[in-house]
Amino acid sequence: MAFRISRHTLAPLAAVAALAAPAIASAQSSVTLYGIVDTGIEYVSHASPNGSVVRMPGVTGELPSRWGLRGSEDLGGGLAAIFQLESGFNIRGGDLGQGGRLFGRQAFVGLKGPYGTLSIGRQYTMTYYALLGSDILGPDIYGMGSFDAYIPNARTDNSVTYQVGWQGLTFGAGYSFGRDSAGTGNSPGQGTCAGQVPGQNVQCRDWSVMLKYDASNFGVAASYEEQRGGTNAAANFFDGQATSAFTSSGDKDTRTTLGAYYKYGAFKVGGGWLGRRVSTSAVNTHSNLFYLGAAYSVTPAWLVDAEVYRIINSDHDTRGTMTTLRATYSLSVRTAVYAQAAYLFNSARAAYSVSGGGGGTTPPAGEGQAGVMLGMRHTF
């Protein structure tokens, strides 16, 4: 069937378009392409009973490699539409991270205005945001992830988050209807928890809250996060003990954090505590992770930072202590080289690995482990 449009029909349409054009043109929008490329060569001692390993880590260096798109559109009245798509990848093989997802790091859309930011999609939990100021090394290969691999991967699918700030005070909350809908192991050590099933609305659920205060030279933050179990899920303390079954919607894995930091000129110090508890029909166990770090900008180009971590799991009789020292030299605003070394002391029954650079480096129980890495990072 063919349609014929006369010039009498086009005239009013053209008038409407002419009236709408100024409004459309006045809307300010922007899209930014950005990324980080970070890798190097790593040495890990006692990587197995067979000895040490030298490798290019598959996961991270100073910062996980990524590329992404972020954008916003001014909707008027102080309201803006926002979005972010962020893809993680591994330099060693050029493959996608986060279980092979295209935008496995972040994928969300939302609204930002005078009364806060509301967004929906795959996003970080409030645990991640609460640790940003106090955890000096962040998602480094020899950082907090060596004791709790969830921390640098604290994000969920199917989530709705809200954050609002006022005079340095920030409140945040997030709720996920199913934290791993793609079934690719979104939360390391917790298996694949794909989402709700009929009649079990809390299966694979995640919720978190955060409250923090940031002043010009100091800050303090606290958060709480609860994950529920589900089909194929597991809970692992990464200390060499057996993985706990986590397949019931009544099972809980919770993390509570409290941290603070202080800055004085070129010096910054930060520290805090992360308490974790896993409660199922078979086990009720908990751990306490303490951390203290400092950073000093020797010159505008040279940054030296270090951090000490101590984890205690009395129920498993496992303990671990790790010290990391890192030096970064900026060749330009976007390019830097770095060297870092760490040593992890394991108690008699513990088998924590010093490296968060991928699997295959778990030491024998009770064995100490050293890690050294030389790397390069470029941002764009």
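- Geometrically, K268 engages Y261 in a cation-pi contact defined by less than 6.0 Å to the ring centre and at most 45° from the axis.
- The CG atom of N90 sits 7.5 Å away from the OG atom of S65 when rounded to the nearest 0.5 Å.
- The ring-ring contact (aromatic ring centres under 6.0 Å, His included) check on Y343 picks up F345, with sequence neighbours excluded.
- Under the salt bridge (Lys or Arg N to Asp or Glu O under 4.0 Å) criterion, R66 pairs with no residue, sequence neighbours left out.
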Could you go step by step and tell me if T161 and Q123 meet the side chain to side chain donor-acceptor pair (under 3.5 Å) rule?
CA-CA 8 Å; T161 67; Q123 306 173 78; 2.8 Å; yes
Please lay out, stage by stage, how F103 and W67 fare under the test side chain to side chain contact (heavy atoms under 4.5 Å, CB included).
CA-CA 9 Å; F103 294 111; W67 74 272; 4.0 Å; yes
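- By the 4.5 Å heavy-atom criterion applied to side chains, L79 and L111 are counted as neighbours.
- Between W302 and Y329, the ring centre distance stays below 6.0 Å.
- By the 4.5 Å heavy-atom criterion applied to side chains, R122 and S181 are not counted as neighbours.
- Looking at D206 and R228, no side-chain N of the basic residue comes within less than 4.0 Å of a carboxylate O on the acidic one, giving no salt bridge.
- In the hydrophobic clustering of this structure, L69 groups with V109; members are Ile, Leu, Val, Met, Phe, Trp, Tyr whose side-chain heavy atoms approach within less than 4.5 Å, directly or through other members.
- Electrostatic pairing of D157 and R101 counts as a salt bridge here, judged by a charged N lying under 4.0 Å from a carboxylate O.
- Residues T60 and M373 come closest through the heavy atom pair O-CE, 4.1 Å.
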Output, in order, the C-alpha distance, side-chain angles, deciding distance and verdict of side chain to side chain contact (heavy atoms under 4.5 Å, CB included) for Y338 and D38.
CA-CA 10 Å; Y338 59 87; D38 186 339; 2.6 Å; yes
In sequence, state the C-alpha distance, the side-chain angles, and the governing distance for L289 and M144, and then conclude on side chain to side chain contact (heavy atoms under 4.5 Å, CB included).
CA-CA 9 Å; L289 173 58; M144 195 180 295; 3.4 Å; yes
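- Counting heavy atoms from C-beta on, the side chains of T127 and I151 come closer than 4.5 Å.
- Under the 4.5 Å side-chain contact rule for hydrophobic residues, L344 and V59 do not share a cluster.
- Between Q241 and R349, the side chains place a donor N or O and an acceptor N or O closer than 3.5 Å (distance only, hydrogens not considered).
- Between Y262 and Y264, the ring planes are parallel. Angles under 30° get that label, and only those over 60° would be called perpendicular.
- Hydrophobic cluster membership is shared by F177 and V209, with clusters built from Ile, Leu, Val, Met, Phe, Trp and Tyr side chains linked at under 4.5 angstrom.
- Judged by distance alone, the side chains of R310 and T323 never bring a donor and an acceptor atom under 3.5 Å apart.
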Run the side chain to side chain donor-acceptor pair (under 3.5 Å) check on D315 and T285 step by step: do they pass?
CA-CA 6 Å; D315 299 314; T285 185; 3.1 Å; yes
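- For the pair M322 and V308, the minimum side-chain heavy-atom distance is 4.5 Å or more.
- Hydrophobic clustering places V269 together with V298 (ILVMFWY residues linked when any side-chain heavy atoms are closer than 4.5 Å, directly or through intermediates).
- A heavy-atom distance below 4.5 Å is not found between the side chains of Y128 and R155.
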Under the side chain to side chain contact (heavy atoms under 4.5 Å, CB included) criterion, do Y309 and F290 qualify, and how do the steps go?
CA-CA 6 Å; Y309 308 88; F290 304 92; over 6 Å; no
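- Y352 and F147 have perpendicular rings, their planes meeting at more than 60° on a 0 to 90° scale where under 30° would count as parallel.
- Geometrically, R276 engages F237 in a cation-pi contact defined by less than 6.0 Å to the ring centre and at most 45° from the axis.
- Aromatic rings from Y224 and W207 are positioned such that their centres are separated by under 6.0 Å.
- No donor-acceptor contact under 3.5 angstrom links the side chains of N346 and R319, judged on distance only.
- Placement of Y115 and L169 in two distinct hydrophobic clusters is found when ILVMFWY residues are connected by side-chain heavy-atom separations under 4.5 Å, directly or transitively.
- Between E226 and R205 a salt bridge is recorded (basic side-chain N to carboxylate O distance below 4.0 Å).
- You'll find the side chain of L303 stays beyond 4.5 Å of the side chain of Y296, heavy atoms only.
- Contact annotation: the side chain of E86 approaches that of Y34 to within less than 4.5 Å [non-hydrogen atoms, C-beta and beyond].
- Taking 4.5 Å as the limit, some side-chain heavy atom of L63 sits within range of a side-chain heavy atom of P139.
- In summary, the side chains of Y291 and S134 do present a donor paired with an acceptor at a separation below 3.5 Å, with no hydrogens or angles considered.
- Salt bridge annotation for R255-E225: absent, with no cationic side-chain nitrogen under 4.0 angstrom from a carboxylate oxygen.
- Of the inter-residue distances, the one linking L85 atom CG with R70 atom CZ reads 11.5 Å to the nearest 0.5 angstrom.
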